[in-house]
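As a basis for the values below, the full set of heavy atoms in this structure was taken, side chains included, without hydrogen atoms, waters or symmetry mates. Here is how names work: the chains are called A, B, and so on, in the same order as the sequence lines, proteins then strands, and each is numbered from 1.
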Amino acid sequence: MNFYKSGEIMEDNDLLKVRLEKIAALKSAGIDLYPNDVRPKNTTAEILAEFGNSEAESLAELTQPFSIAGRLMAVRNFGKAAFVKIQDRKGQIQSYIAKDILSENAFFVFKKLDIGDIVYISGKLFRTKTNELTIEAHDLRLLSKSLHPLPEKWHGLTDVETRYRQRHLDLIASPAVKEIFYRRSRIIQLIRQFMDKQDFLEVETPMMQPRAGGAVARPFKTHHNSLDMDLYLRIAPELYLKRLVTGGMERVYEINRNFRNEGISTFHNPEFTMLEFYRSYATYEDLMSYTEELFAFIASNIFGSLKFTYQETEIDLTPPWRRISVKDALLQMAGMDKSALENHTRALAFARGVGCDVKDTDPLGKVLMAIFDQVVEKKLIQPTFVIDYPVAVSPLSRRSNTDPNIVDRFELYIYGREIANAFSELNDPADQRERFLQQLKERETGDDEAHEMDEDYIHALEYGMPPTAGEGIGIDRLVMLFTDSASIRDVILFPLLRTKQDCGGSSNN
RNA sequence: GGGCUGUUAGCUCAGCGGUAGAGCAGCGGACUUUUAAUCCGUUGGCCGGGGGUUCAAAUCCCCCACGGCCCA
């Protein structure tokens with residue numbers, strides 16, 4: 001909605017009209033409607049932390065003035081006095097407004113305030129009759145007028161569509177939502193701390209790539225005009241990070257967005273955040289321990305424990321986590337028999353029997369993984385490393401020394417969801433070329449997600465990449481776990497939605 | 001892509017063939033220690049959009065838009 005048209009504010013309902021009239025009254029009383037000269041000295045949380053337990057007598061002895069700024073969230077009015085709640089970035093505190101304490105001018109401003117306005121209050125601390133720590137307002141200023149009413153004070157904002165499209169309202173109305181994003185930031189800080197302590201270097205690699213490599217997924221396509229060149233939003237940073245490893249950056253990591261042009265669900269957003277890291281002179285087995293340590297580090301900092309509840313299920317991160325091979329998982333958890341594991345025709349039949357959409361041309365490894373995704377995945381509730389992946393679905397992983405049909409790779413599952421994917425990196429350029437050629441064949445049979453040939457990358461490998469292991473961890477899914485969020489949209493500030501007219505001027509439009 | 005489900009006042013919701021409702025917010029009034037303050041009064045709606053059925057549609061049917069959950 002555009003409220004400003006040729007300098008005039010359009011009136012779209014009575015509520016707005018009333019507020020505009022208040023603005024006019026304040027303006028004609030000579031009051032600056034958008035002042036920026038105040039500097040609040042305190043936050044609500046600081047005051048509550050420092051004086052939350054102080055007795056009334058010791059508060060009375062305090063000589064320094066306190067000042068806060070924030071959004072007016074509640075007004076309990078008594079005519080010549082009132083109690084109000086002010087909310088800043090850290091929390092809420094009560095303030096007492098009284099006509100015989102404030103200046104006439106400030107009290108006039110108070111009478112024109114609405115819930116939702118941004119205000120500044122300074123004064124002294126005291127305790128009310130009900131013993132609540134309160135700021136007695138000696139000065140009050142309006143800093144910014146809110147033209148629209150806030151969501152209802154008791155139920156808050158529950159319409160999920162409005163919550164996502166107008167996240168500002170969600171954040172104002174729901175402290176718990178704000179808390180999720182504070183925790184998200186904290187988790188990412190902890191990851192950086194952990195990586196930095198291990199001497200990893202944080203880097204940034206291209207998001208726009210001439211070839212979308214490093215994963216199996218459909219990319220978004222874009223175009224650079226002056227170079228007249230098609231580009232893809234990256235589906236993974238992998239091939240660039242490994243070039244850095246080849247260049248001598250033996251331990252690197254990147255925390256940034258990947259983009260995949262695929263369906264949207266409670267576990268998938270088209271753009272999502274990934275931690276990807278590479279460690280030279282290590283194997284995927286080393287990374288299993290490393291991952292256990294990383295998760296334990298995060299959990300103990302967030303929860304003070306390695307056990308926590310996700311969607312009413314207790315998750316226990318105490319190492320070591322269960323390890324199971326893809327084949328054993330299929331035998332034990334999908335009810336396949338040994339012969340079907342090795343027989344293409346029987347595997348296909350089994351896959352179709354459990355509802356997988358597989359093609360006759362799909363290699364055996366791919367068929368097995370389809371069955372795994374369909375049947376086994378959702379059963380892996382406690383943290384589990386699934387190991388020994390088929391070569392066919394792992395074009396960038398190092399072959400096992402004991403079985404050339406499988407690779408040194410694991411995926412981590414928690415609560416039935418893939419959280420991490422890691423492998424010992426394939427650093428044999430000849431084998432890498434062969435794998436790309438195999439992927440090209442699958443592309444020809446109609447798999448448009450198969451990996452493309454990347455000669456530049458092979459050329460880089462030909463200079464010699466140290467033996468290295470690498471891992472990607474989905475940050476959004478990790479944050480879901482640690483915030484008990486059921487949907488990925490609850491841990492992404494602005495999840496992708498279809499554009500919609502007339503929804504309040506959201507940035508998603 | 002398929003199934004189920006939702007869209008009614010600024011917000012939270014009820015109403016499910018017969019004149020559109022409540023609470024909160026707002027507005028007017030009373031009130032200088034409240035905690036979802038209280039008390040009295042009161043404004044506010046293209047019932048998501050379009051088509052149909054019917055004497056009559058928020059309500060039944062169809063299409064569309066935008067969500068949610070589940071499945072692929």
*Between B:A57 and B:U53 - P atom distance, rounded Å*: 11 Å
*Taking atom C1' in both B:G18 and B:G1, compute the distance separating them and give it to the nearest angstrom.*
42 Å
Sequence neighbours left out, what pairs pass side-chain hydrogen bond (donor to acceptor under 3.5 Å, both in side chains) with at least one residue falling in [range]?
range: residues 175-188 of chain A; result: A:Arg184-A:Thr273, A:Arg184-A:Asp476, A:Arg186-A:Gln189
range: residues 332-351 of chain A; result: A:Asp337-A:Ser339, A:Asp337-A:Arg346, A:Ser339-A:Arg346
range: residues 94-107 of chain A; result: A:Arg76-A:Gln94, A:Gln94-A:Thr134

*Classify the side-chain pair A:Asp159/A:Tyr164 by whether it contains a donor and acceptor separated by less than 3.5 Å.*
no
Please list every donor-acceptor pair under 3.5 Å in which a side-chain atom of residues 382-390 of chain A meets a protein atom from a residue at least two apart or in another chain.
| residue | atom | partner | partner atom | Å |
| --- | --- | --- | --- | --- |
| A:Gln382 | OE1 | A:Asp316 | N | 2.8 |
| A:Gln382 | NE2 | A:Glu314 | O | 2.7 |
| A:Thr384 | OG1 | A:Gln382 | O | 2.8 |
| A:Tyr389 | OH | A:Glu411 | OE1 | 3.3 |

*Sugar-phosphate means primed atoms, P, OP1 and OP2; the rest is base. With that split, encode nucleotides 25-33 of chain B 5' to 3' as B, S or - using protein heavy atoms under 4.0 Å.*
SSS---BBB
Kindly write out the residues that satisfy side-chain hydrogen bond (donor to acceptor under 3.5 Å, both in side chains) with [X], not counting sequence neighbours, or none if the list is empty.
X: A:Ser325; result: A:Asp328
X: A:Gln209; result: none
X: A:Arg19; result: none

_Those residues that, when tested against A:Val358, pass side chain to side chain contact (heavy atoms under 4.5 Å, CB included) (two or more places apart)_ = A:Leu348, A:Ala351, A:Arg352, A:Cys356, A:Asp362, A:Ala370
_Residue list, side chain to side chain contact (heavy atoms under 4.5 Å, CB included) with A:Lys124, at least two apart or on another chain_ = A:Glu136, A:His138
*How long is the line joining NE2 of A:His148 and C1' of B:G10, in whole Å?*
10 Å
Atom pairs under 3.5 Å, N or O on each side, protein against nucleotides 67-69 of chain B: can you list them with distances?
| residue | atom | partner | partner atom | Å |
| --- | --- | --- | --- | --- |
| B:G67 | OP1 | A:Arg165 | NH2 | 3.1 |
| B:G67 | OP1 | A:Arg498 | N | 2.2 |
| B:G67 | OP1 | A:Arg498 | O | 3.2 |
| B:G67 | O5' | A:Arg165 | NH2 | 3.3 |
| B:G67 | O4' | A:Glu161 | OE1 | 3.3 |
| B:G68 | OP1 | A:Arg489 | NE | 3.3 |
| B:G68 | OP1 | A:Arg489 | NH1 | 3.2 |
| B:C69 | OP2 | A:Arg489 | NH1 | 3.0 |

_Canonical and wobble pairing (Watson-Crick, G-U, under 3.5 Å) of RNA chain B, dot-bracket with |_ = (((((((..((((....[..)))).(((((.......))))).....(((((..]....)))))))))))).
